[in-house]
Each structure stands twice: as structure tokens, then as C-alpha cells.
Peer 1: 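If you scroll down you'll find the structure; I have some questions about it.
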Amino acid sequence: MAPSPTGTLHVGTARAALFNWLVARHSQGTFIVRIDDTDRERSTPEFEEEILGSLRWLGLDWDEGVGVGGPHGTYRQSDRLERYRQVAEELVAAGLAYHDNREPDVLEDLRRRAQKEGKHPGHYIRRPEEPATSGPIRLSVPEDAPVVFEDMVRGTVTFEPQDIDDFVILRSDGTPTYHLASTVDDVDYEISHVARGEDLLPSTPKHILLTRALGASEPVYAHLPLLFGSDGKKLSKRHGATALSEYRDQGYLPEAVFNYLAILGWSPDGETTVFSREEAVAAFDLNDVNKSPAVFDPEKLAWMNGEYVRALEAAKFSRMARPFVEAACGRALSDDEWMRFEEIAHLVQERTRLLPEAGEQVIFLFEDVDEYDEKSWAKVMTKEGVADVLDAGLAVLTGLEHWNTEAIESALRSLPERLEIGAGKVFQPLRISVTGSSVSPPLFESLAALGRIPTLARIERARGLLG
RNA sequence: GGUCCCGUCGUCCAGAGGCCUAGGACGCCGGCCUUUCAAGCCGGAAACGCCGGUUCGAAUCCGGUCGGGACUGCCA
């Protein structure tokens, strides 16, 4: 795994990392995280931290690389610039690469010519007659044989030499291009498997040629299908959240995101959708990964998150929900208030897919209800007899000796029969009066958690509005 | 334009010549449960891009076609 710290960790990159991790864990291999920061302009330490943090959050621990060390230094390309420059020069000395001092517009002409003739630029971007001693260094692409390789997800992939141009490996400022740096790293770090996005498939013959020029043999490649947005285009900002950290901040559970990402392009058997990390590790095989791109569906992720939220231990759910509840209320809650939440937390948990939803469900516990959901009011509170229901409710609740779920339930349960109306006709007006909406956690528990005084006050208030 | 990759329900994933009247999941629709909403349960609509070929038999193999995508930089 070799992210570039030029931005936050993208979900597509996270998925590639996830697959790398699965391969390593499945085969008891070594999962390595290195940093591709040759783009000094855009790379920052902050992004690097963000990316590593996101990886850890997802649960992708690495055995070797940035932060944890290993036999190959810092695993940061910016610390190896000299190594890359040396390799490039050795290749020049060996006659396998050359300096190219042609002007950009000369090269541009060659490309245009190729395009005009319906050919690949590789036909013309070649070593010039007169070798230069300055300028960027290009690799000399051997023109005698096609580059063929077995991709673990694509199968056999073939590139003709004319379709590969003599690409730049060392820029004129002496810094390596991505191709050089990443290939040298693969060789130096003895990488056995490279699983990366399909967008790098066209670069792979270059990497293979470079690897061979270095006298090494290439790793096994696996090019993962890309992630698309709902419009079938490469996933980007306009499709919603693309940074993994946004999901963390919005209260998604890492296990759920892990599971969802894993199922994009792979499945253990075609029947199972929800599975643990361990099950994924046990079943994973790069050969089983799909070839076709996958559309990232936030709806299914939300559902999946709900599966994991419901499976959470009660205490853990409360702990995780707290910041979202407080955010919904706009203030921190006292321990006393928090105990009231915990009374109905298990009921909230069942109704939560995304943690922020937990907050919305319990605002009524902590904030007074001074306006009501318009639709709910219109549908329920304007009906005949609602005032009588509230009066009756008020009467039985006021007389309660103990204020708890059981007492409230037994008091209210008798009302429908006594008033000779349906249960819903009794409970919905009370629900709206107390919570402000016709949708809420179960009524008796809600009233119990809210407390006697506020409950009665709210019913009275709603009763007053009915005139 | 060129090179390469891809093509099963709206979406994700099964299917590696007969087990397919194509299976599972999300979403959607209907029902049950129920004081609401969820959850759960039951049921439903929904796909092999198209055309040829190989074969007794093709979603599965081959060719073509159409469609989509990636790449095409001294970015990664």
C-alpha cells in the first residue's frame, strides 16, 4: 500500500488498501505501508497523518513501513531521492536509459503526429539520434517483444512495444517520477504482490520493463476494479463523501465500512453479505475479485452500518452515540441527563442506522417541545375527541404513585377500552404532545425516561393549544 | 484519435456448458406483527446489451457489434 499524501484517504484508496491487507493476512504475508511523497508541491505531513489515521481506524494494521519501521529505512520516498537518482544514472550508464533534452513542443509534435496517424505516442517518443547529456532521463523501451503478464484479477494482459513510449523516469530537476520511485521501491522492498486500482493498468508494462532493466523480476500484479459514483463515473466529491474520515466523523462504524468496502468487488460466497474481518481474511482470494467496476451505494452502506449498530454492546452503543446526541441538542449533557438517555438507549439502538439518527430520536428528552411536526399534528391532533383523550391521559397519569414504565403502561393501557376508541387514537396524540412528532421511541418508556413533571406539562400544553 | 480494461435485476454479489422456470443482499412495492417508527417475518416486481458462431445443449466458449470506463504529463 503506497498512498500519496496529497489529500485525505479516498474511499477508493481505502478499498485498495483493504484488499492488500486481506491478501497479506490471508496468506500470513507482510502488509507494508509506504508513502509516495515525491510530489513535494502537494504532499504534506498533515495529509500523511490523516491517511495513516484513517487506515488505523479501518483496522488495517501494517507489519512494516511508515511509523512501524522495518529493514528498509523510513519507507518514505522523500528520504530516498538520492537512491532513485542513482538508479536512473546507472540505467543511463548501462545504455538502458538516456537523457532527453528535446523541447516540450517537439515532443508535443511527435504526440500529435501519432494521434493524426491513429497511432500510439509510443511509436514516436523514442531515443533521438543524437543522445543528450542533460534533460530528463527516459527509459529505452525494448521494441522486440510484447510485455505480457498474468494479472490476478484480469488474467493475461498484453501490451505491444509500440504502444509504450520511452517514459520519463527522472525529471530534469533530478527528482524521480512515480514510475521510477514506485518500481525501485517494489524491488528494494522485495514486494511480492501489488494490488492497486485499475487506473494503473496502463502503467504496468512500464513498471515491468523498469523492473527488468533493474535486473529484478516483477511482482504479481492485481488490478482492482474502480469505484464509481451512481452516474457511472469515477467516484468523486460530487457523489458525496469520498474521504474515509468523513465516514468516521459521521459516526459510521469501522467494521461496517470495512464490510461494505470488502463487498464491493468481492464476496465470500455470493450468499453472505454481512461478515466479520476474520471471515473475510479466511475466505479472501484475489483471484475471486470482480473485473467490473462497482458503484458505491451510500444507501447500502447505511443499511450495513445499521446491522453493526444493532449488534453493538449496549454500553458501547451509548458511548458512541453520546457525541451525536449532544450535537443534536447543541450542548453537553449532565450525568443525570445521560442516565435518562440510557434508560431508553436500547430502544434507540434498534432504530439507528447512522449514529446521528440516535440524537434526533431523543432530543425530546433534553429539549422542551415548543413546536410540533406539522404533518403529525395535522394528521392526528385535529381529529375529533383528541382533547378528551389528552384529558383522560392527564387524569390517569397525574394520579400515578410511581413513575415508571410499568405503572405508566398499566395506566394508559386501560384508556382505549374506557374511551371506546382504538389504541392508536389514544397513544398517538400523547406521543405528539410529549415528543413533538408521531415518530418516536416506544411511548411508555419514553414518558418514563422523560419524567413526570415535563410529561404532564407537555400534555397540558398541547391540550391548551386545542382550545 | 490511440492503447488497454469492462459488460447478469436500479445497485452490490453468486453463476466457471446441462443443477438457471438465473440465486442472495440493498433499495422499491404489498402483507403480517404493532401505540408510531424501526427491527423481524412472509410475499412481489426487477437482469444474462445486441448479432452471429461452436455445441445435442450457452449467462457461461469464440467472433463481431454496441455501450461504458481508465490511461494517453518532466501528476500519482
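Order of the sequence lines fixes the chain letters, A, B, ..., with proteins taken first and strands second; residue numbering starts at 1 for each chain. Computed from a prediction, not measured in an experiment: that's the story for all the values here.
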Peer 1: Reading RNA chain B from 5' onward, which residue's closest nucleotide shows up sooner: A/Phe427 or A/Thr273?
Peer 2: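 The residue whose closest nucleotide sits nearer the 5' end is A/Thr273.
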Peer 1: When we call it a touch if two heavy atoms are under 4.0 Å apart, what does A/Gly135 touch: a base, just sugar-phosphate, or nothing?
Peer 2: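 No contact at all - A/Gly135 keeps every heavy atom at 4.0 Å or more from the nucleic acid.
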Peer 1: Using the ring pair (Phe, Tyr, Trp, His ring centres under 6.0 Å) rule, pick out the option among A/Phe284, A/Phe258, A/Trp266 that qualifies with A/Phe275.
Peer 2: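 The option that passes is A/Trp266.
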Peer 1: For a quick check of understanding: with a heavy-atom distance under 4.0 Å over all strands, which category does A/Asp373 fall into, base, sugar-phosphate or nothing?
Peer 2: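 Nothing, no nucleic acid heavy atom in range.
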Peer 1: Ignoring the backbone of A/Arg310, work out which of B/rU36, B/rA76, B/rG40 is nearest its side chain.
Peer 2: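 Of the options given, the side chain of A/Arg310 lies nearest B/rG40.
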Peer 1: Take atom P in B/rG43 and the same atom in B/rA25, then report the distance between them in whole Å.
Peer 2: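 Each nucleotide's P atom is 11 Å from the other's.
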Peer 1: With a 4.0 Å cut-off on heavy atoms, is A/Leu200 in touch with a base, just the backbone sugar-phosphate, or nothing at all?
Peer 2: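 Base, at least one base heavy atom under 4.0 Å.
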Peer 1: B/rG73 C1' sits how many Å from A/Asp173 CG, rounded?
Peer 2: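 Interatomic distance, CG of A/Asp173 to C1' of B/rG73: 14 Å.
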Peer 1: Output yes when at least one side-chain N/O atom of A/Arg353 is less than 4.0 Å from OP1 or OP2 of B/rA38, else no.
Peer 2: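 Looking at the OP1 and OP2 atoms of B/rA38, neither is under 4.0 Å from any side-chain N or O of A/Arg353.
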Peer 1: Taking the side chain of A/Thr177 as its heavy atoms from C-beta onward, which of B/rA38, B/rC12, B/rA76 lies nearest to it?
Peer 2: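 Closest of the options to the side chain of A/Thr177: B/rA76.
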Peer 1: At under 4.0 Å between heavy atoms, what does A/Thr158 touch on the DNA or RNA strands: base, sugar-phosphate, or nothing?
Peer 2: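 Sugar-phosphate: the residue A/Thr158, judged by heavy atoms under 4.0 Å, touches backbone atoms but no base.
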Peer 1: If you only use heavy atoms from C-beta on, which nucleotide in B/rG23, B/rC6, B/rU36 is closest to the side chain of A/Ser292?
Peer 2: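 It is B/rC6.
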Peer 1: Between B/rG69, B/rA76, B/rC37, spot the one nearest the side chain of A/Glu198, thanks.
Peer 2: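 Nearest to the side-chain atoms of A/Glu198, counting from C-beta on, is B/rG69.
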Peer 1: Atom CG in A/Leu430, atom OG1 in A/Thr455: separation rounded to 0.5 Å?
Peer 2: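 Separation between the atoms: 10.0 Å.
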Peer 1: Tell which nucleotide pairs with B/rG49, taking only Watson-Crick or G-U wobble pairs whose two distances are both under 3.5 angstrom.
Peer 2: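 Pair assignment: B/rG49 / B/rU65.
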Peer 1: Return no unless some side-chain N or O of A/Lys234 is found under 4.0 Å from OP1 or OP2 of B/rC71.
Peer 2: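 True: A/Lys234 side-chain N/O within range (under 4.0 Å) of B/rC71 OP1/OP2.
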Peer 1: Can you tell me the pairing partner of B/rU11 across any strand shown, Watson-Crick or G-U wobble, with both distances under 3.5 angstrom?
Peer 2: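 B/rU11 is paired, partner B/rA25.
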Peer 1: So if I take every side-chain heavy atom of A/Phe444 and compare against B/rU35, B/rC26, B/rG40, which nucleotide ends up nearest?
Peer 2: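 The answer is B/rU35.
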Peer 1: Measuring only the C1' atom in each nucleotide, how far is B/rC20 from B/rA14? A whole number of Å is fine.
Peer 2: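 Rounded to whole Å, the distance is 12 Å.
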Peer 1: Using a cut-off of 4.0 Å on non-hydrogen atoms, how would the nucleic acid contact of A/Pro293 be classed: base, sugar-phosphate, or nothing?
Peer 2: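 The answer is sugar-phosphate, as A/Pro293 gets under 4.0 Å only of primed atoms, P, OP1 or OP2.
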Peer 1: If I take atom NZ in residue A/Lys291 and atom C1' in nucleotide B/rU60, what distance separates them, rounded to the nearest angstrom?
Peer 2: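 Distance, rounded to whole Å: 13 Å.
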Peer 1: Students often mix this up, so state it plainly: with edges at 30° and 60°, are the rings of A/His207 and A/Tyr178 parallel, tilted or perpendicular?
Peer 2: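 If you compare the ring of A/His207 with that of A/Tyr178, the planes turn out perpendicular.
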Peer 1: Does a side-chain N-to-carboxylate-O contact under 4.0 Å join A/Arg102 and A/Asp100?
Peer 2: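 Yes, charged N to carboxylate O under 4.0 Å.
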Peer 1: Determine the interatomic distance between C1' on B/rA39 and the same-named atom on B/rC26; round to the nearest Å.
Peer 2: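 Pairwise C1' distance, B/rA39 against B/rC26, rounds to 16 Å.
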Peer 1: Among B/rA38, B/rC4, B/rG69, which is the nearest nucleotide to the side chain of A/Leu201?
Peer 2: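 When the side chain of A/Leu201 is considered, B/rC4 is the closest of B/rA38, B/rC4, B/rG69.
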Peer 1: Between B/rU11 and B/rC50, how many Å separate the two P atoms, rounded to a whole number?
Peer 2: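 Nearest-Å result for B/rU11 against B/rC50 at atom P: 15 Å.
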Peer 1: Does CD in A/Glu82 sit with more than 12 non-hydrogen atoms of other residues, nucleotides or ligands closer than 6.0 Å?
Peer 2: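 Yes.
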Peer 1: Taking N and O atoms by type only, does the side chain of A/Ser172 place a donor or acceptor under 3.5 Å from a partner on the base of B/rC74?
Peer 2: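 Looking at the base of B/rC74, it does pair with a donor or acceptor on the side chain of A/Ser172 (distance under 3.5 Å).
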Peer 1: Between atom CZ in A/Arg42 and atom P in B/rG73, what is the gap in whole Å?
Peer 2: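 A/Arg42 atom CZ is separated from B/rG73 atom P by 16 Å.
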Peer 1: Could you walk me through whether A/Arg458 and A/Thr435 pass the side chain to side chain contact (heavy atoms under 4.5 Å, CB included) test, one step at a time?
Peer 2: CA-CA 9 Å; A/Arg458 289 182 194 184; A/Thr435 71; over 6 Å; no
Peer 1: Select one nucleotide: of B/rA76, B/rA70, B/rC5, the one nearest the side-chain heavy atoms of A/Arg154.
Peer 2: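 Side chain of A/Arg154 sits closest to B/rC5.
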Peer 1: Please check: side-chain N/O of A/Glu343 versus main-chain N/O of A/Glu445, any donor-acceptor pairing under 3.5 Å?
Peer 2: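 Absent.
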Peer 1: Go through residues 100-122 of chain A and report each residue with a non-hydrogen atom lying under 4.0 Å from RNA chain B, sorted by number.
Peer 2: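 A/Arg111, A/Gln115, A/Gly118, A/Lys119, A/His120, A/Pro121 - these, ordered by number, are the residues of the stretch whose heavy atoms sit under 4.0 Å from the strand.
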Peer 1: Is there a Watson-Crick or G-U wobble partner for B/rC32 with both distances under 3.5 Å, and if so, which one is it?
Peer 2: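 Answer to the pairing question: B/rG40, which forms a Watson-Crick or G-U pair with B/rC32.
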Peer 1: So A/Pro205, base contact, sugar-phosphate only, or nothing? Heavy-atom distance under 4.0 Å.
Peer 2: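 Answer is nothing: A/Pro205 stays at 4.0 Å or more from every strand.
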Peer 1: Of the nucleotides B/rG27, B/rU36, B/rG69, which has the atom closest to the A/Val439 side chain?
Peer 2: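 Comparing B/rG27, B/rU36, B/rG69 against the side chain of A/Val439, the answer is B/rU36.
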Peer 1: Distance check, C1' atoms only: B/rA16 and B/rC61, in whole angstrom units.
Peer 2: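 About 11 Å, rounded to a whole number of Å.
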Peer 1: Could you identify the nucleotide paired to B/rG18, looking across every strand shown and requiring Watson-Crick or G-U wobble geometry with both distances under 3.5 Å?
Peer 2: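 Across any shown strand, B/rG18 pairs with B/rC56.
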Peer 1: Centres of the A/Tyr308 and A/Tyr252 rings: under 6.0 Å?
Peer 2: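 So the answer is no for these two rings.
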Peer 1: Could you let me know what B/rG1 is paired to, Watson-Crick or G-U wobble, both distances under 3.5 Å, or none if it's on its own?
Peer 2: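 Pairing partner: B/rU72.
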Peer 1: Got more than 12 heavy atoms from elsewhere within 6.0 Å of CZ, A/Arg212?
Peer 2: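 Yes - once you tally the heavy atoms of other residues, nucleotides and ligands closer than 6.0 Å, there are more than 12.
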Peer 1: Measure the shortest side-chain to side-chain distance between A/Glu143 and A/Arg126 over non-hydrogen atoms and say whether it is less than 4.5 angstrom.
Peer 2: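 When only atoms from C-beta onward are counted, A/Arg126 and A/Glu143 do touch, with a gap below 4.5 Å.
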Peer 1: Indicate whether OP1 or OP2 belonging to B/rC6 is found under 4.0 Å from a side-chain N or O atom of A/Asn290.
Peer 2: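 No, because none of the side-chain N or O atoms of A/Asn290 sits under 4.0 Å from OP1 or OP2 of B/rC6.
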Peer 1: Rounded to whole Å, please give me the gap between OH in A/Tyr124 and C1' in B/rG1.
Peer 2: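 One finds 14 Å between C1' of B/rG1 and OH of A/Tyr124, rounded.
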Peer 1: Without swapping roles, check the side chain of A/Tyr98 against the backbone of A/Arg127 for a donor-acceptor pair under 3.5 Å.
Peer 2: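 Yes; judged by distance alone, with no hydrogens or angles, the pair exists.
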Peer 1: Of A/Phe296 and A/Arg413, whose closest RNA chain B nucleotide lies nearer the 5' terminus?
Peer 2: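 That would be A/Phe296.
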Peer 1: What's the closest nucleotide to the side chain of A/Val157 if the choices are B/rC5, B/rC37, B/rC13?
Peer 2: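 Of the candidates, B/rC5 comes closest.
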Peer 1: Looking only at side-chain N and O atoms, does A/Thr38 come under 4.0 Å of OP1 or OP2 in B/rA76?
Peer 2: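 For B/rA76, OP1 or OP2 has a side-chain N or O of A/Thr38 closer than 4.0 Å.
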Peer 1: Could you check whether A/His123 gets within reach of a base, just the sugar-phosphate, or nothing at all, counting any heavy atom under 4.0 Å?
Peer 2: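 Answer is nothing: A/His123 stays at 4.0 Å or more from every strand.
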Peer 1: On a whole-Å scale, what distance lies between the C1' atoms belonging to B/rC19 and B/rC12?
Peer 2: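 About 25 Å, rounded to a whole number of Å.
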Peer 1: Using whole Å, what does the distance between atom C1' of nucleotide B/rU11 and atom CG of A/Asp297 come to?
Peer 2: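 Atom-to-atom, A/Asp297 to B/rU11, this comes out as 5 Å.
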Peer 1: Kindly point out which of B/rU35, B/rC26, B/rA76 is positioned nearest to the side chain of A/Glu299?
Peer 2: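 The nucleotide sitting nearest to the side chain is B/rC26.
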Peer 1: Quickly work out the A/Asp165 CG to B/rG2 P distance and round it to whole Å.
Peer 2: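 It is 17 Å, rounded to the nearest whole Å.
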Peer 1: Using whole Å, what does the distance between atom P of nucleotide B/rC13 and atom CH2 of A/Trp266 come to?
Peer 2: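 Rounded to whole Å, this separation is 12 Å.
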Peer 1: If you measure from the C1' atom in B/rG23 to the same atom in B/rC48, how many Å do you get, rounded?
Peer 2: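 Looking at atom C1' only, B/rG23 and B/rC48 are 13 Å apart.
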Peer 1: Mind checking the C1' distance from B/rG17 to B/rU54? Whole angstroms is fine.
Peer 2: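 Each nucleotide's C1' atom is 11 Å from the other's.
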Peer 1: By the 4.0 Å heavy-atom rule, please label A/Phe228 as base, sugar-phosphate, or nothing.
Peer 2: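 Contact class for A/Phe228: sugar-phosphate only.
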Peer 1: A/Asp151 CG to B/rA70 C1': how many Å, rounded?
Peer 2: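 About 14 Å, once rounded to whole Å.
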Peer 1: Evaluate the ring planes of A/Phe149 and A/Phe159, with Trp represented by its six-membered ring, and classify them as parallel (under 30°), tilted (30 to 60°) or perpendicular (over 60°).
Peer 2: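 Taking A/Phe159 first and then A/Phe149, their aromatic rings lie parallel (interplane angle under 30°).
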